[in-house]
Number of protein chains: 2
Amino acid sequence: MAKATAAGLDEAQANGLAEMWEDGEDRLGPASARRLLVAAVDAFAARGYHGTSTRDIADRAGLSPAGVYVHFASKEDLFFRITLLGHERTLHNAVTAVQSVGEAGPARRLHAVIEAQTTWQARHHTTARVVEYDLPCLSPEHYEQVAAIRRKITALVRGILNEGVRAGVFDVPDVDGMTLALLSMVTDVARWYPSNGRQSPEQLGTLYADLALRMAAPHSSDS
Amino acid sequence: MAKATAAGLDEAQANGLAEMWEDGEDRLGPASARRLLVAAVDAFAARGYHGTSTRDIADRAGLSPAGVYVHFASKEDLFFRITLLGHERTLHNAVTAVQSVGEAGPARRLHAVIEAQTTWQARHHTTARVVEYDLPCLSPEHYEQVAAIRRKITALVRGILNEGVRAGVFDVPDVDGMTLALLSMVTDVARWYPSNGRQSPEQLGTLYADLALRMAAPHSSDS
DNA sequence: GTCTATAACCCGATAGAC
DNA sequence: GTCTATCGGGTTATAGAC
């Protein structure tokens, strides 16, 4: 395990950050670039895009201020790569979860996707915070690229709800509204997790998935 | 109606911002101070605390850069007053909603508080965004003052859930977990509202309150 | 690929005239 | 209470040596 060359990096690794940004295929480039990415995620999560200076990031990665610009065109470029990769992996996480239950019916599919996404947000809450809450700092072109991925995640959840309604196993008066509510619940985990002695990512995932089923299930007050 | 002296102020007023920061008792001080507050809420909501300069705020309020410091001790002080007042009014909104249904039982109380808070977040989404998402920018002392109000809101919701469980009208395996999930759903409205052609604050409030009842109600998969 | 040095600019906050 | 002018320092990004 690489020795941290600057304060803050060890915490980041202990945070599950290194795991998140491991890259077997070296698509992230040389070690310095990966160190910068990890440092940037940690700093952006703690203080936001505008609250983080490129010097902060370089320091945490053990480089001089100019070192950032060897690997990234600008601060926004660095932020964009984090945001794009984070969204790609979140989408992949959701799609994989749904596929893993096969043709199991809407209820199990809904449970799977909410559980997977909630667990993801909790486990990778540092990355998730960066990825969810500073999107307006992206350039318009970059923002649109990320928004396209977000729409795919929304469509995945909405599709499952529609399926369930069509099959008669869900009772959902407003599919778009419930989609938004479910994704809100999941997204917001990144804001507060972890909170004093609360549950593991997996426990939270199960809890939220159960709540999602309660929301969608036919219920007694129907007449 | 006061004529706007700088760009941005009219939008802020159209936004329901002026209404939010109206103050019959003049506790907010002279007109310039109120104009600064409204301008600051608008700017902080759009670009975050660190992304907003005191010059931006002064410009929007039609004052010189130094004008800010006549009415506020610092940028953080200005931010704190917004955050504190916003939280006080949100708490008041929640308490009033619960009181307004009298001794109506847990289900109607839960419905009332979720409906009121959701409607509030949507109607005052500009203020809510500032108040919900930049709390770490407060000084530790100021943060603690605001956190105390947040704990009261959490306790209000948790209390209603506990009441319902005790009375046997709710089935909630994890009261703390559901409290968090409900507040997440409500809080997150500030992040995305308004979204293309979606419902009015009141419609959203009713939808979310109904979803809350579905989550808490006894359900058929109990054995 | 990393450094030192620095350009060009913006920041929060204050001094002092009116 | 508002202004102009400015202090001291931090910002992103680049130039050029090694």
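Chain A is the first sequence line, chain B the second, and so forth, proteins listed ahead of strands; every chain is numbered from 1.
With sequence neighbours left out, the side-chain contact (heavy atoms from CB on, under 4.5 Å) criterion links B:Arg81 to B:Phe72, B:Asp77. For B:Arg150, the salt bridge (charged side-chain N to carboxylate O under 4.0 Å, His left out) partners two or more places apart in sequence, or in a different chain, are B:Glu132. For A:Glu76, there are no salt bridge (charged side-chain N to carboxylate O under 4.0 Å, His left out) partners at least two apart in sequence or on another chain. With sequence neighbours excluded, the residues satisfying side-chain contact (heavy atoms from CB on, under 4.5 Å) with B:Ala216 are B:Leu110, B:Leu161, B:Phe170, B:Val172, B:Met178.
A 4.0 Å heavy-atom criterion places the boundary nucleotides of DNA chain D facing chain B at D:dG1 to D:dT6, written 5' to 3'.
The backbone N or O of A:Thr179 lies less than 3.5 Å from no partner atom in the side chain of A:Arg158, so there is not a single donor-acceptor pair.
With respect to A:Lys152 and A:Glu88, no salt bridge is recorded, no charged nitrogen being found less than 4.0 Å from a carboxylate O.
B:Lys75 forms a cation-pi arrangement with B:Tyr49, by the criterion of a distance under 6.0 Å to the ring centre and an angle within 45° of the ring axis.
Rounded to an integer number of Å, the gap from CG of B:Asp59 to P of C:dG12 is 12 Å. Rounded to an integer number of Å, the gap from B:Leu63 CG to C:dA13 P is 16 Å. B:Leu36 places its CG atom 14 Å from the P atom of C:dA13, with the value rounded to the nearest Å.
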Could you check B:Val68 against B:Leu63 for side-chain contact (heavy atoms from CB on, under 4.5 Å), going step by step and ending with a plain yes or no? CA-CA 8 Å; B:Val68 173; B:Leu63 291 178; over 6 Å; no

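Within residues 44-57 of chain A, the residues approaching DNA chain D are A:Thr52, A:Ser53, A:Thr54, A:Arg55, by heavy-atom distance under 4.0 Å.
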